[in-house]
Amino acid sequence: MIVPLAMTIYFSTLHYSLLDSENWSFVGLEKLSIFPHGPRLPDVAQNTLVLVGSILAITVLLGTPLAMAA
């Protein structure tokens with residue numbers, strides 16, 4: 001759990017593109033200051049809620065019967 005968390009924090013401080021992995025730069029916390037004012041924030045929040053809700057629903061709807069059957 002620690003390594004993925006550390007890597008997420010590390011990569012959140014970089015300007016990095018998978019399409020151009022040779023060119024990257026350290027931007028620090030600049031991305032975090034842009035996030036709350038970004039024009040795509042409602043879309044990102046909606047996608048996150050749909051993803052979390054879907055995973056929870058699938059887990060409960062499939063996990064509970066499987067746990068009770070075991």
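These numbers come from a predicted model, not from an experiment.
In terms of hydrophobic clustering, with Ile, Leu, Val, Met, Phe, Trp and Tyr side chains grouped at heavy-atom distances under 4.5 Å, Ile58 and Met68 are assigned to different clusters. Placement of Leu29 and Leu5 in two distinct hydrophobic clusters is found when ILVMFWY residues are connected by side-chain heavy-atom separations under 4.5 Å, directly or transitively. With hydrophobic clusters built from ILVMFWY side chains whose heavy atoms lie under 4.5 angstrom apart, Leu18 shares a cluster with Trp24.
Minimum interatomic distance between Val27 and Leu14 (heavy atoms only, all atoms of both residues): CG2-C, 4.0 Å. Residues Asn23 and Asp20 come closest through the heavy atom pair ND2-OD2, 2.8 Å.
Val52 pairs by the side-chain contact (heavy atoms from CB on, under 4.5 Å) definition with Thr48, Leu56, not counting sequence neighbours.
With a 6.0 Å radius and a threshold of 12 heavy atoms from other residues, nucleotides or ligands, Leu66 has its CG atom above the threshold.
Using a 4.5 Å heavy-atom cutoff, the side chains of Phe11 and Ile9 are not in contact.
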